[in-house]
Amino acid sequence: MQLSEQETVRRQKREALIKSGINPYPSELFEVNVTAKDIHENYEKNKTDYKNISIAGRLMSRRIMGSASFAELQDSTGRIQLYFRRDDICPGDDNSLYNDVFKKMTDIGDIIGIKGYVFTTQTGELTIHVTDFKLLTKSLKPLPIVKETEDESGNKKVYDAFSDPETRYRQRYVDLIVNPEVRDTFIKRTQMVNSIRTFLSNKGYLEVETPILQPLYGGAAARPFKTHHNTLDMTLYLRIANELYLKRLIVGGYDGVFEFAKDFRNEGMSRFHNPEFTQVELYVAYKDYNWMMDLVEEMVEKAALDMHGTTAVKVGKNTIDFQRPWKRYTMFESIEEFTGIDISEMEEDQLRDTAKKLSIDIDDSMGKGKLIDEIFGEKVEPHLIQPTFITDYPIEMSPLAKKHSEKEGLVERFEAICNGKEICNAFSELNDPIDQRERFEAQLELGKRGDDEAMVLDEDFLRALEYGMPPTAGLGIGIDRLAMIMTNSDSIQDVLFFPQMKPEKKPEVATEKDYVEIGVREELIPILQNLGFTTLDKIKEANPNKLFNDVCGTRKKLKLKDVKNPSKEEVEGWISAVN
RNA sequence: GAUUCCGUAGCUCAGUUGGUAGAGCAUCUCCCUUUUAAGGAGAGGGUCCUGGGUUCGAGCCCCAGCGGGAUCACCA
């Protein structure tokens with residue numbers, strides 16, 4: 001691998017540390033008794049507690065002024081300034097801890113442990129006066145340097161932000177080190193999940209785990225990822241949903257079960273879609289979808305409060321208020337509200353005409369349900385910014401939902417829409433096994449007609465229903481989508497630590513072993529790499545005289561005094577070894 | 001999958017009509033004991049994403065590819 005100048009320098013510092021008897025990767029524990037946040041919050045109130053502190057973290061900046069220096073230490077809670085003075089950390093005649101270890105062998109990005117006491121500088125910044133420090137981990141790759149100023153009114157301005165999305169997502173660890181707001185987003189996400197988990201557990205529902213590898217993929221309409229189990233010699237699918245397994249547990253007699261589930265869908269990617277994503281699904285016996293709407297309101301309102309201390313959350317240009325009660329529309333009402341057209345009594349042909357009139361793209365394969373869904377998706381959903389429940393969906397779109405108790409052709413289903421996007425989906429679960437079988441068979445028909453997202457028929461699930469599932473309300477919440485809203489993130493990639501990406505291309509380069517095998521001495525390898533001879537093919541075509549000259553010249557240029565120049569015969573030997 | 005924009009130093013980014021590759025930060029050397037985007041003096045650092053083409057000459061123009069972003073399509 002080709003190293004940059006800065007990387008080479010850091011490797012040399014690592015060697016120098018070892019030579020001077022300092023382990024750059026020590027194993028003893030380093031006792032920490034305070035955090036940066038703690039100091040900022042509590043020092044003024046209780047100064048005597050901060051006379052003898054011990055803290056560890058990553059060195060994020062250095063300002064060296066001769067025999068004194070300022071630096072910034074970053075731990076998991078934030079940053080704190082450090083003050084090093086040579087005469088304090090080197091009390092005797094030996095100044096090497098300051099002059100050599102700190103000034104020469106320590107870099108931004110190194111992880112260090114500090115002992116000292118807190119004071120306030122002349123400019124009023126809380127600072128740790130360092131009395132002793134220890135290198136805990138040497139960092140070999142230079143971090144992006146992000147700088148920040150703050151004006152009188154506290155407005156922050158960032159210079160040289162680490163902002164390239166590709167590098168940020170590929171090297172999330174760097175993103176987390178240098179961008180504190182990214183760290184915060186993921187803390188918020190976990191707070192949200194914890195809030196929901198606590199809420200559901202406190203209601204007495206049981207958190208469970210169900211299979212991710214499934215012999216049949218069910219519970220949603222989506223294309224699956226397919227894999228193979230060698231011992232059983234069978235196809236398995238990564239789950240697209242866990243709905244059918246959770247319902248089996250309701251059949252088994254639990255009153256309420258929920259699971260935070262990673263689901264996998266082999267479909268397009270966008271800022272709202274990642275191939276793997278998280279849903280929480282909940283099933284509660286003896287309840288219906290109206291009851292479930294109340295629960296969703298209460299639960300999401302509480303999540304907002306737990307995360308922000310308020311129900312009002314700023315998302316882009318909007319402020320979204322999760323305070324109960326949320327608006328409730330039936331799907332037909334909502335369409336009438338936003339288009340002025342009542343489609344509740346329309347047949348397929350009229351719906352098609354209406355869609356055309358509203359200039360919505362449709363095709364002939366669309367049935368009644370799909371047409372209604374298109375009109376809704378085009379004319380209503382994007383306009384629903386504040387949390388809103390939409391109820392009573394067409395039966396064609398909902399093969400697992402119970403038929404509406406009063407309205408023909410509809411099911412007892414609702415979605416909550418927020419910021420123009422669905423955040424949850426719920427229904428009174430279909431528990432009539434005969435009806436369920438017919439719905440599955442209708443899906444099979446769709447599949448035969450080429451709909452590769454149609455549901456498959458799950459005989460075991462039907463068998464479970466035949467034993468009898470109590471009336472049940474079910475819910476699925478897209479955790480990533482909700483986290484996007486709650487953290488004001490534009491893209492799902494900003495709420496997933498490691499969003500899916502194509503692999504980085506690795507240029508094909510010769511390994512050290514390859515070079516050695518054609519007779520190149522190990523110490524000469526960096527020279528060849530520096531000259532661009534990164535593959536054996538390139539050496540194959542080299543002119544031996546030129547290569548000989550270039551190698552000797554580069555040795556001089558790189559100041560590799562300890563390296564012995566090759567002889568011309570040696571160089572000729574490499575080339576003939578490849579050919 | 002389609003359209004479109006982007007890819008230059010470790011990081012953030014300039015780069016004129018096609019004519020020897022630039023800045024700030026970071027790095028290295030030196031000065032500096034309360035600084036804070038610390039400061040001062042000096043130095044080094046490049047596969048201009050990859051591969052072709054046009055040209056006397058390409059970071060720049062043309063073609064193809066790779067990677068990424070945005071929009072759309074798909075997608076409960």
Side-chain angles (χ1 to χ4, degrees), chain A residues 2-10 12-13 61-72 79 81-88 98 104 107-109 119-125 127 129 140-150 156-170 174 178 219-223 240-241 265-273 275 277 279 361 369-370 373 376-377 381 393 397-401 413 415 421-422 424-427 452-453 476 478 481 490-491 493 501-509 529-532 534 538 557-559:
Chain A
Q2 190 98 316
L3 295 177
S4 72
E5 182 200 9
Q6 293 190 46
E7 288 173 303
T8 310
V9 168
R10 287 188 179 217
Q12 286 163 357
K13 289 177 179 177
S61 75
R62 292 204 302 168
R63 295 180 285 277
I64 293 174
M65 305 171 301
S67 57
S69 302
F70 286 95
E72 273 179 300
R79 290 192 184 189
Q81 181 168 260
L82 307 177
Y83 179 59
F84 290 81
R85 198 158 63 178
R86 187 190 60 206
D87 299 343
D88 291 334
Y98 182 79
K104 295 223 160 71
D107 286 295
I108 291 173
F119 74 109
T120 309
T121 64
Q122 287 176 4
T123 49
E125 175 138 357
T127 302
H129 192 123
L140 296 183
K141 263 194 167 319
L143 282 173
I145 308 290
V146 180
K147 299 214 172 186
E148 207 176 71
T149 49
E150 204 171 326
K156 283 186 179 160
K157 194 171 174 195
V158 176
Y159 296 81
D160 300 335
F162 178 64
S163 56
D164 175 50
E166 178 172 359
T167 328
R168 283 186 48 224
Y169 299 147
R170 286 196 195 283
V174 176
V178 302
R223 283 192 294 267
I240 58 173
R265 298 189 184 175
N266 204 341
E267 288 170 346
M269 291 165 65
S270 77
R271 70 193 179 95
F272 294 105
H273 300 86
F277 64 101
Q279 272 193 294
D361 275 344
K370 184 76 184 160
D373 192 59
F376 175 79
E381 196 174 21
Y393 282 64
M397 318 284 308
S398 318
L400 301 168
R413 169 179 173 184
E415 290 189 357
K421 277 276 164 189
E422 169 202 342
C424 86
N425 182 18
F427 20 91
D452 50 4
E453 284 165 358
R481 299 268 180 92
D490 286 334
S491 166
Q493 299 180 98
M501 290 240 167
K502 281 203 186 182
E504 287 175 85
K505 59 172 176 187
K506 277 199 191 129
E508 278 187 32
V509 294
Q529 288 173 334
N530 187 280
L531 282 166
T534 48
K538 286 180 181 167
K557 190 177 150 201
L558 295 178
K559 295 176 188 152

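Basis for what follows: all heavy atoms, side chains included, without hydrogens, waters or symmetry-related copies.
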message: Distance check, P atoms only: rA76(B) and rA14(B), in whole angstrom units.
response: 41 Å
query: So what's rA43(B) paired with, Watson-Crick or G-U wobble, going by both distances under 3.5 Å?
result: rU27(B)
- prompt: Touch check for Glu422(A), heavy atoms < 4.0 angstrom, all strands: base, sugar-phosphate only, or nothing?
  reply: sugar-phosphate
query: Does the Arg62(A) side chain pair with the main chain of Ser69(A), one donor and one acceptor, at a distance under 3.5 Å?
result: no
- prompt: Among rC28(B), rG10(B), rU12(B), which is the nearest nucleotide to the side chain of Pro142(A)?
  reply: rG10(B)
query: Can you tell me how far P in rU20(B) sits from the matching atom in rC60(B), rounded to whole Å?
result: 14 Å
message: Tell me the interatomic distance from Gln493(A), atom CD, to rG67(B), atom C1', rounded to whole angstroms.
response: 13 Å
query: Between rG68(B), rG10(B), rA76(B), which nucleotide gets closest to the side-chain atoms of Met501(A)?
result: rG68(B)
field: Closest to side chain of Thr123(A), choosing from rU35(B), rU12(B), rC28(B)
entry: rU35(B)
field: Atom pair distance, as rounded to whole Å: CZ in Phe376(A) and C1' in rA76(B)
entry: 11 Å
- prompt: So which nucleotide from rG67(B), rC25(B), rU71(B) ends up closest to the side chain of Ile145(A)?
  reply: rC25(B)
message: Using only atom types and a distance under 3.5 Å, with no angle test, would you say the side chain of Arg413(A) pairs donor to acceptor with the backbone of Asn425(A)?
response: no
- prompt: Toward the 5' end of RNA chain B, which comes first, Leu400(A) or Pro144(A), by nearest nucleotide?
  reply: Pro144(A)
- request: Using a heavy-atom cut-off of under 4.0 Å over every strand shown, decide if Pro275(A) touches base, sugar-phosphate, or nothing.
  value: nothing
message: Quick check: any donor-acceptor pair below 3.5 Å linking the side-chain of Thr121(A) to the base of rU35(B)?
response: yes
field: Intermediate values then yes/no, side-chain contact (heavy atoms from CB on, under 4.5 Å), Gln493(A) and Arg168(A)
entry: CA-CA 10 Å; Gln493(A) 299 180 98; Arg168(A) 283 186 48 224; over 6 Å; no
- prompt: If you measure from the C1' atom in rG44(B) to the same atom in rG7(B), how many Å do you get, rounded?
  reply: 26 Å
- prompt: Can you check the Arg10(A) CZ to rA26(B) P distance for me, whole Å?
  reply: 12 Å
- request: Both distances under 3.5 Å, Watson-Crick or G-U wobble: report the partner of rG1(B), or none.
  value: rC72(B)
- prompt: Glu125(A) near the nucleic acid: base, sugar-phosphate alone, or nothing, with a heavy-atom cut-off under 4.0 Å?
  reply: base
- prompt: Distance between the C1' atoms of rG19(B) and rA58(B), in whole angstroms?
  reply: 10 Å
field: Identity of whatever pairs with rA64(B) - Watson-Crick or G-U, under 3.5 angstrom
entry: rU50(B)
- prompt: Using the P atom in both, what is the distance from rG46(B) to rC30(B), to the nearest Å?
  reply: 23 Å
query: What nucleic acid atoms does Phe119(A) come within less than 4.0 Å of, heavy atoms only: base, sugar-phosphate, or nothing?
result: base
- request: Determine, stepwise, if the pair Glu422(A) / Glu381(A) fulfils side-chain contact (heavy atoms from CB on, under 4.5 Å).
  value: CA-CA 8 Å; Glu422(A) 169 202 342; Glu381(A) 196 174 21; 3.9 Å; yes
- request: Could you please name the partner base of rC32(B), counting Watson-Crick and G-U wobble pairs only when both distances are under 3.5 Å?
  value: none
query: Using purine N1 to pyrimidine N3 plus N6-O4 or O6-N4 for Watson-Crick, or N1-O2 and O6-N3 for G-U wobble, both under 3.5 Å, which nucleotide pairs with rG59(B)?
result: none
query: Heavy atoms under 4.0 Å, any strand shown: does Arg265(A) hit a base, just sugar-phosphate, or nothing?
result: nothing
- request: For Leu82(A) and rU36(B), give me the distance from atom CG to atom C1', rounded to whole Å.
  value: 13 Å
query: With a 3.5 Å cut-off and just heavy-atom distances, do the side chain of Gln81(A) and the base of rU35(B) make a donor-acceptor pair?
result: yes
field: Under 4.0 Å protein heavy-atom contact, by nucleotide of nucleotides 37-43 of chain B - B base, S sugar-phosphate only
entry: BB-----
Rounded distance in Å between the P positions of rC11(B) and rU17(B): 29 Å
task: Rounded to the nearest 0.5 Å, what's the gap from CG on Asp107(A) to NZ on Lys141(A)? Could you check?
output: 13.5 Å
query: Among rU27(B), rC74(B), rG68(B), which is the nearest nucleotide to the side chain of Val9(A)?
result: rU27(B)
- prompt: Roughly how far apart, to the nearest Å, are rG40(B) and rG45(B) at atom P?
  reply: 24 Å
- request: Check the distance between rU34(B)'s C1' and Asp88(A)'s CG and give it to me in whole angstrom.
  value: 12 Å
statement: Rounded to whole Å, the CD-C1' distance (Glu166(A) to rC66(B)) equals 10 Å
query: If you look at every strand shown and take non-hydrogen atoms under 4.0 Å, does Ala220(A) touch a base, only sugar-phosphate, or nothing?
result: nothing
- line: To the nearest angstrom, the CG-C1' distance between Asp164(A) and rG10(B) comes to 14 Å
Shortest non-hydrogen separation from Met397(A) to Lys370(A) and the atoms involved: SD-N, 3.6 Å
message: If the cut-off is 4.0 Å, is Lys141(A) near the phosphate of rC11(B), judged by side-chain N/O to OP1 or OP2?
response: no
CD on Glu148(A) to NZ on Lys157(A), rounded to 0.5 Å: 12.0 Å
query: Which comes earlier along RNA chain B counting from the 5' end, the contact point of Ser491(A) or that of Lys502(A), where each point is its nearest nucleotide?
result: Lys502(A)
Partner nucleotide, any strand, of rU20(B) [Watson-Crick/G-U, under 3.5 Å]: none
- request: Please measure how far the P atom in rU50(B) lies from the corresponding atom in rG10(B), and state the result in whole Å.
  value: 13 Å
- request: Could you check whether Asp87(A) gets within reach of a base, just the sugar-phosphate, or nothing at all, counting any heavy atom under 4.0 Å?
  value: base
message: Assess the residue pair Arg265(A) and Phe277(A) against the criterion (side-chain contact (heavy atoms from CB on, under 4.5 Å)); give the C-alpha distance rounded to whole Å, side-chain angles, the decisive distance to 0.1 Å, and a yes or no.
response: CA-CA 8 Å; Arg265(A) 298 189 184 175; Phe277(A) 64 101; 3.5 Å; yes
- prompt: With a non-hydrogen cut-off below 4.0 angstrom, is Lys13(A) in contact with a base, only sugar-phosphate, or nothing?
  reply: sugar-phosphate
- prompt: How far apart are the C-alpha atoms of Tyr83(A) and Thr121(A), what are their side-chain angles, what is the distance that settles it, and do they pass the side-chain contact (heavy atoms from CB on, under 4.5 Å) test?
  reply: CA-CA 9 Å; Tyr83(A) 179 59; Thr121(A) 64; over 6 Å; no
